[in-house]
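Heads up, the thing below is written out as structure tokens.
As a basis for the values below, the full set of heavy atoms in this structure was taken, side chains included, without hydrogen atoms, waters or symmetry mates. Convention: sequence-line order gives letters A, B, ...; per-chain numbering from 1. None of the values given here were measured: they were computed from a predicted structure.
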Amino acid sequence: MDYNFKTIEERWKKEWEKNKIFKTTINNKKKFYVLDMFPYPSGAGLHVGHPLGYIASDIFCRYKRLQGYNVLHPMGFDSFGLPAEQYAIATGQHPEKTTKVNSEKYKKQLKNLGLSFDWERELKTSDTNYYKWTQWIFKQLFNSYYCNIDDKAIHISELIAEFERNGNKSVQSPCDDDTQVFTADEWKNLSYEEQQNILLKYRLAYLSNTWVNWCEGLGTVLANDEVKDGVSIRGGYTVEQKKMKQWALRITAYADRLLKGLDQIDWPNSVKEQQKNWIGKSSGLNIIFKTENNLNISIFTTRPETIFGVSFLVLSPEHEHLSQLCIDDQKEKIRKYQIKCFKKTELDRISNVDSVSGEFTGSYALHPFSNEKIPIWISDYVLSNYGSGAIMAVPAHDARDFKFAKNFKIKITQVISNGTIVENKPYLEKEGKVINSSFLNKLSISDASDKISKLVSQKNIGSSSINFRLRDAIFSRQRYWGEPFPVYYKNNIPQLINDDELPLELPSIDSYLPTKKGDPPLARARNWKYKDNYVYEHSTMPGWAGSSWYFIRYLDPHNTKKFVGEKEIKYWENVDLYIGGAEHATGHLLYSRFWTKFLFDLSLINFSEPFKKIINQGMILGESSFVYRIKGKNTFVSYNLKDKYKTTKIHVDINLVEKNHLKINKFKKSRIEYNNAEFICEDDNYICGSSVEKMSKSFYNVVNPDNIIEKYGADSLRMFEMFLGPLTQFKPWKTEGITGVYSFIKRFWSLFYRNDKFEVSEEIATNEEKKILHETIFKIKNDIEQYSFNTCISSFMIITNKLRKINCNKKEILEPLLIVLSPFAPFLCQEIWSKIHGEKNIIDEKFPKYDEKLFIKNDFDYPVSVNGKKKLSININKNLTDEEIENLVVSQKRVTDLIGDKKIKKIIIVKNKIINIVI
RNA sequence: GCCCAGGUGGCGGAAUUGGUAGACGCGCUGGAUUCAAAAUCCAGUUCUGGUAACGGAGUGUGGGUUCGAUUCCCACCCUGGGUACCA
């Protein structure tokens with residue numbers, strides 16, 4: 001009987017849904033939590049690149065379940081976001097509608113793939129019963145501050161108690177830079193509003209008036225990780241710097257723990273490395289330079305040993321002391337330079353990295369050790385928000401300082417040397433001895449550094465300091481389609497709404513655009529006030545709010561009393577395996593770790609890292625096709641003739657191309673402007689060009705999984721996706737290749753048929769058959785555990801070819817094989833299983849154990865090489881001694897022929913590996 | 001520039017701790033079946049010389065270590081990803 005995947009897959013899809021075989025509940029088995037990055041449900045639906053990770057995780061889930069684990073495998077949707085909102089702006093349709101339609105479509109497509117998701121745990125970040133708890137977590141952040149002494153987040157009431165006892169002089173907590181020192185009495189005498197403003201400087205969710213990435217095109221601010229090359233990642237609109245009041249999360253308080261935690265988790269090196277660089281910890285020294293007019297300028301350096309190489313100071317254009325330092329003659333120039341800098345957008349700054357600019361203030365500082373006069377400059381290469389916004393410039397040993405000094409003809413003093421002399425380029429290596437440095441001369445770099453550290457603190461002009469590149473995360477967006485903040489304003493002071501008033505639902509509005517005054521869309525909502533009196537916050541939360549904790553909500557998605565139940569969190573804990581794209585390295589994956597640590601500090605969860613292991617699946621690339629149109633004409637030239645004309649390369653829909661040949665008639669009909677197109681062909685065919693690039697609608701190279709399932713079935717698609725290559729690598733998609741796995745599946749199916757009738761034999765298996773089976777079980781088990789799914793597929797092909805050759809249809813062999821194959825091709829295996837066992841689900845079986853004795857042989861085909869080059873192989877019993885092997889080898893005629901009259905220098909025998917004759 | 005991956009036939013890719021390079025599949029070639037095609041089955045397929053047996057070369061490039069290197073070391077080239085003045 002033919003393999004009819006359509007009826008098989010339809011049947012089991014229904015059965016599985018009806019019997020809820022993927023539903024998970026807490027039981028006394030060991031848990032295993034497998035998570036896929038949940039998708040944003042876009043209108044385009046899935047293409048074959050999307051399910052790659054889902055199929056891999058599904059195979060692992062099914063395998064773990066066969067191993068006896070209680071496997072949690074949920075799926076949901078990251079449904080707040082820009083495309084739905086932009087669609088809403090264009091059509092007036094509420095984003096909720098499109099979100100619903102799109103996620104239903106996704107769900108159907110995912111179900112067609114036979115993925116073992118527990119859909120009863122489905123969540124959408126835009127559902128009120130989900131974002132209710134996102135708002136609730138925001139409230140906890142607002143109500144917390146970070147205590148550096150306990151190294152954790154603590155409820156704000158503790159801080160208030162401390163203020164009442166001792167003021168803030170002994171408080172060690174991250175806070176805004178402009179926080180003043182006050183005593184307990186001063187605190188008590190403050191008004192309520194004044195107190196609230198001070199508390200806001202300590203809260204983990206706070207209002208900050210800072211420079212933000214303002215994106216006019218999107219009408220909103222963006223976080224650093226949402227901006228690239230000066231444009232927004234979504235949409236590609238220009239981003240500029242603007243000072244605005246925004247909600248921010250004090251992620252910097254967790255910088256050190258986020259860094260340290262990386263050591264405990266099994267993540268791809270590249271992601272860890274990216275997070276490390278993003279956090280950017282550097283330790284150094286703050287040193288105070290006195291100016292001639294007695295001001296203190298604090299600088300930060302990581303290289304104190306170069307202090308005698310300082311030939312100027314550079315301040316950021318925003319530096320607080322600038323007005324006092326600038327002499328009258330320079331005031332105009334400095335003012336102009338400042339204006340230029342403030343105007344600069346991120347884009348300008350990035351595109352002009354190589355240019356050097358700056359102005360001299362006219363003032364001098366005094367070198368803390370040599371008392372030498374040091375000119376003070378300003379330049380935009382010094383950032384106001386890193387370190388102290390001022391540096392000591394050591395041109396001989398820093399690339400930017402060097403360029404600056406050369407440009408403005410400032411002297412360059414070399415103070416570190418390994419023999420080379422600084423002339424045309426700086427010496428950046430941290431190797432060598434200190435020179436030209438008074439009392440530091442001849443010391444090693446580390447000794448000199450230590451000495452300066454000590455002296456600086458003795459003289460009371462500095463202290464060691466640690467700086468991070470990481471910035472607090474801007475948390476408000478001037479958009480509609482996001483979580484509203486559970487916040488209203490009373491006398492300009494932000495206040496939280498009560499827990500029992502959550503969720504604060506998105507109000508309906510007449511248009512999804514900003515107001516005429518430039519306020520966010522929520523300002524349009526009518527009668528939307530807290531207790532009809534107080535204004536709500538009009539911004540909404542960013543896209544990453546909901547995704548920062550969704551893995552927790554899956555554990556208990558229907559809980560109406562808590563964000564997650566205690567029993568659930570205790571049993572399921574954190575994610576054991578997380579599969580998704582690497583593009584979230586510094587966004588989602590960092591924010592999730594931050595929120596997890598925060599919730600851990602509040603004892604709301606029992607783990608401090610969200611994802612124990614991460615695997616980044618590689619992107620599947622599409623093969624794009626091109627046609628070549630002669631410039632100015634509606635004539636297309638075939639690929640090999642195109643160089644004879646001036647042509648424009650145009651993407652053509654891959655559905656109009658077959659094996660590089662353009663289907664000319666279909667192409668003509670595809671667009672009005674092509675109706676009358678003419679073609680210059682070669683051998684009567686129009687050949688298209690092709691190249692491999694990202695699979696994307698705009699390149700017309702998208703392959704839809706639905707079409708493939710229609711033609712070959714989901715099992716073939718699943719296996720083919722795995723067969724393409726290693727999970728983590730980028731790989732091109734070529735649909736033709738699927739015939740390989742498709743015919744494998746048909747061959748496997750036919751193992752169970754004799755003369756068109758289903759038939760498995762009860763005969764006892766031979767040793768040879770057992771050997772084949774157990775070898776395969778061993779190999780598959782190992783490969784699955786190393787996530788090497790592509791090699792699993794070839795093993796299945798190999799065993800199937802072998803069993804066909806020996807015509808084996810014995811139950812003793814095929815039954816275990818079915819279980820081993822079932823994670824990969826669940827429909828097929830379930831169908832055959834039910835033919836043997838009736839109603840039983842193959843997923844409830846046990847993964848078979850292998851017996852090594854069955855496939856370890858007592859002889860070995862030794863490859864014999866001469867001088868490392870393989871010449872022949874000889875079958876030798878494993879029990880022979882080296883001497884016996886040697887005698888056997890040299891007595892072979894082929895061997896004596898090969899050696900001829902040369903002398904054997906040595907024979908190397910590696911047991912069960914190789915024999916090498918050296919002549 | 002810096003950091004991280006990766007580079008193996010016409011193509012996707014295999015190859016325990018250094019030990020038979022090219023498993024498995026696609027494609028291609030030839031054959032069987034068929035009126036024919038699709039599908040299926042059988043054989044071949046790294047390049048190169050040879051009918052063949054058999055030889056030579058060969059894992060981005062150049063060196064090195066080793067009896068033996070796709071695997072280890074050094075230098076370089078290329079592709080992809082990340083990052084952007086962080087003192």
Can you tell me which nucleotide in [options] comes closest to the side chain of [X]?
| X | options | result |
| --- | --- | --- |
| A/I914 | B/U83, B/G19, B/C86 | B/G19 |
| A/K870 | B/C85, B/A21, B/G80 | B/A21 |
| A/P863 | B/A14, B/U20, B/U83 | B/U20 |

Q.
Go nucleotide by nucleotide along RNA chain B from the 5' end; which of A/P732 and A/A390 gets its closest nucleotide reached first?
A.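 Result of the comparison: A/P732.
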**Q.** Pairwise 5' ranking along RNA chain B for A/N912 and A/S282, keeping only the more 5' one
**A.**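 Of the two residues, A/N912 wins.
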Q: Just jot down the side-chain contact (heavy atoms from CB on, under 4.5 Å) partners of A/N782, sequence neighbours excluded, or say none.
A: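 By the side-chain contact (heavy atoms from CB on, under 4.5 Å) rule, A/N782 matches A/F778, A/Q786.
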Q: Apply side-chain contact (heavy atoms from CB on, under 4.5 Å) to A/P304 and list each qualifying residue two or more places apart in sequence or on a separate chain.
A: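 With neighbours one apart ignored, the set is A/L285, A/S449, A/I452.
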Q. Which residue pairs pass the salt bridge (Lys or Arg N to Asp or Glu O under 4.0 Å) test when at least one of the two sits in residues 783-798 of chain A, sequence neighbours left out?
A.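 Pairs touching residues 783-798 of chain A that pass the test: A/K779-A/D783, A/K781-A/E785.
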Q: Scan residues 723-734 of chain A for pairs that pass salt bridge (Lys or Arg N to Asp or Glu O under 4.0 Å), counting only residues two or more places apart or in two chains.
A: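 Sorted result for residues 723-734 of chain A: empty, none.
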How far does the [atom1] atom of [N] sit from the matching atom of [M], given to the nearest Å?
| N | M | atom1 | answer |
| --- | --- | --- | --- |
| B/G10 | B/G49 | P | 14 Å |
| B/A15 | B/G64 | P | 30 Å |
| B/A21 | B/A69 | P | 10 Å |
| B/G13 | B/C67 | P | 36 Å |
| B/U17 | B/U65 | P | 25 Å |
| B/A38 | B/U29 | P | 12 Å |
| B/G22 | B/C42 | P | 22 Å |
| B/U48 | B/G58 | P | 16 Å |

Rounded off to whole Å, could you give me the [atom1]-to-[atom2] distance for the [X] and [N] pair?
| X | N | atom1 | atom2 | answer |
| --- | --- | --- | --- | --- |
| A/D472 | B/C86 | CG | P | 21 Å |
| A/F402 | B/G1 | CZ | P | 18 Å |
| A/L428 | B/C85 | CG | C1' | 14 Å |
| A/N286 | B/C86 | CG | P | 17 Å |
| A/E693 | B/U79 | CD | C1' | 15 Å |
| A/K779 | B/A23 | NZ | P | 14 Å |
| A/K276 | B/G82 | NZ | P | 20 Å |
| A/K425 | B/G1 | NZ | P | 13 Å |

Tell me whether the centres of the aromatic rings in [X] and [Y] are closer together than 6.0 Å.
| X | Y | result |
| --- | --- | --- |
| A/F5 | A/Y712 | no |
| A/F720 | A/W733 | yes |
| A/F789 | A/F723 | no |

**Q.** A/K911 and A/D882 ion-paired at < 4.0 Å
**A.**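 Salt bridge present between A/K911 and A/D882.
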Let me check something: any side-chain donor-acceptor pairs from residues 738-747 of chain A under 3.5 Å, sequence neighbours excluded? List them with distances.
unit_1	atom_1	unit_2	atom_2	d
A/T739	OG1	A/E736	O	3.1
A/S743	OG	A/T739	O	2.9
A/S743	OG	A/G740	O	3.3

(Q) Check whether A/Q414 reaches the backbone of A/I416 with its side chain - one donor and one acceptor, N or O, closer than 3.5 Å. (A)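 Flag set: sc A/Q414 to bb A/I416 pair under 3.5 Å.
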Q.
Closer than 3.5 angstrom, by distance alone: can the side chain of A/T361 be matched with the main-chain N or O of A/I376 as a donor-acceptor pair?
A.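 At least one qualifying donor-acceptor pair exists.
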Less than 4.0 angstrom between a side-chain N/O of [X] and OP1 or OP2 of [N], yes or no?
| X | N | value |
| --- | --- | --- |
| A/Y386 | B/A87 | yes |
| A/R804 | B/C41 | yes |
| A/K871 | B/G56 | yes |
| A/R469 | B/A87 | no |

Expected list for residues 267-274 of chain A: side-chain donor-acceptor pairs under 3.5 angstrom, two or more places apart:
unit_1	atom_1	unit_2	atom_2	d
A/W267	NE1	A/F611	O	2.8
A/K272	NZ	A/L262	O	3.0
A/K272	NZ	A/I265	O	2.8

Q) With A/E710, which residues qualify under salt bridge (Lys or Arg N to Asp or Glu O under 4.0 Å), at least two apart? A)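 Scan of A/E710 (salt bridge (Lys or Arg N to Asp or Glu O under 4.0 Å), adjacent residues dropped) gives A/K6.
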Q. Pairing of RNA chain B as dot-bracket, 5' to 3': ( ) intra-strand, [ ] crossing, | other strand, . unpaired, with Watson-Crick or G-U pairs under 3.5 Å?
A. (((((((..(((......[....)))((((((.......))))))((((....))))..(((((..]....))))))))))))....
Q | Torsion-based syn/anti label for B/G9, 90° from 0 as limit | A |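 Chi for B/G9 falls in the syn range.
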**Q.** A/I251 vs A/L258, side-chain contact (heavy atoms from CB on, under 4.5 Å): CA-CA, chis, key distance, verdict
**A.** CA-CA 9 Å; A/I251 187 174; A/L258 288 169; 3.9 Å; yes
Would you tabulate the pairs of protein nitrogen or oxygen atoms and nucleotide nitrogen or oxygen atoms of nucleotides 24-29 of chain B closer than 3.5 angstrom?
unit_1	atom_1	unit_2	atom_2	d
B/G25	OP1	A/N801	ND2	3.2

Distances under 3.5 Å only, N/O to N/O: pair up the protein atoms with those of nucleotides 65-74 of chain B.
unit_1	atom_1	unit_2	atom_2	d
B/C67	O2'	A/N916	ND2	3.3
B/C67	O2	A/N916	ND2	2.6

Q) Is a donor-acceptor pair below 3.5 Å formed from side chain A/K913 to base B/U17, judging by atom type as modelled? A)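 Indeed there is one.
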Q: Mind checking A/P268 for me? I need base, sugar-phosphate or nothing, with any heavy atom below 4.0 Å counting as a touch.
A: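 Nothing, no nucleic acid heavy atom in range.
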Q) Counting any heavy atom closer than 4.0 Å, what does A/T791 reach on the DNA or RNA strands: base, sugar-phosphate only, or nothing? A)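 Answer is sugar-phosphate: A/T791 comes under 4.0 Å of backbone atoms only.
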**Q.** Contacts of type ring pair (Phe, Tyr, Trp, His ring centres under 6.0 Å), residue A/H367, not counting sequence neighbours
**A.**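 With sequence neighbours excluded, A/H367 shows a ring pair (Phe, Tyr, Trp, His ring centres under 6.0 Å) to A/F308, given in chain and number order.
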Q.
Under a plain distance cut-off of 3.5 Å, with no hydrogens placed, do A/Y862 and A/S873 share a side-chain donor-acceptor pair?
A.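 No, no side-chain donor-acceptor contact under 3.5 Å.
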(Q) Side chains of A/S794 and A/T791 only: does a donor on one sit below 3.5 Å from an acceptor on the other? (A)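 No, A/T791 and A/S794 have no side-chain donor paired with an acceptor closer than 3.5 Å.
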Could you go through nucleotides 3-10 of chain B and list every protein N or O atom that sits under 3.5 Å from one of its N or O atoms, giving the distance for each pair?
none

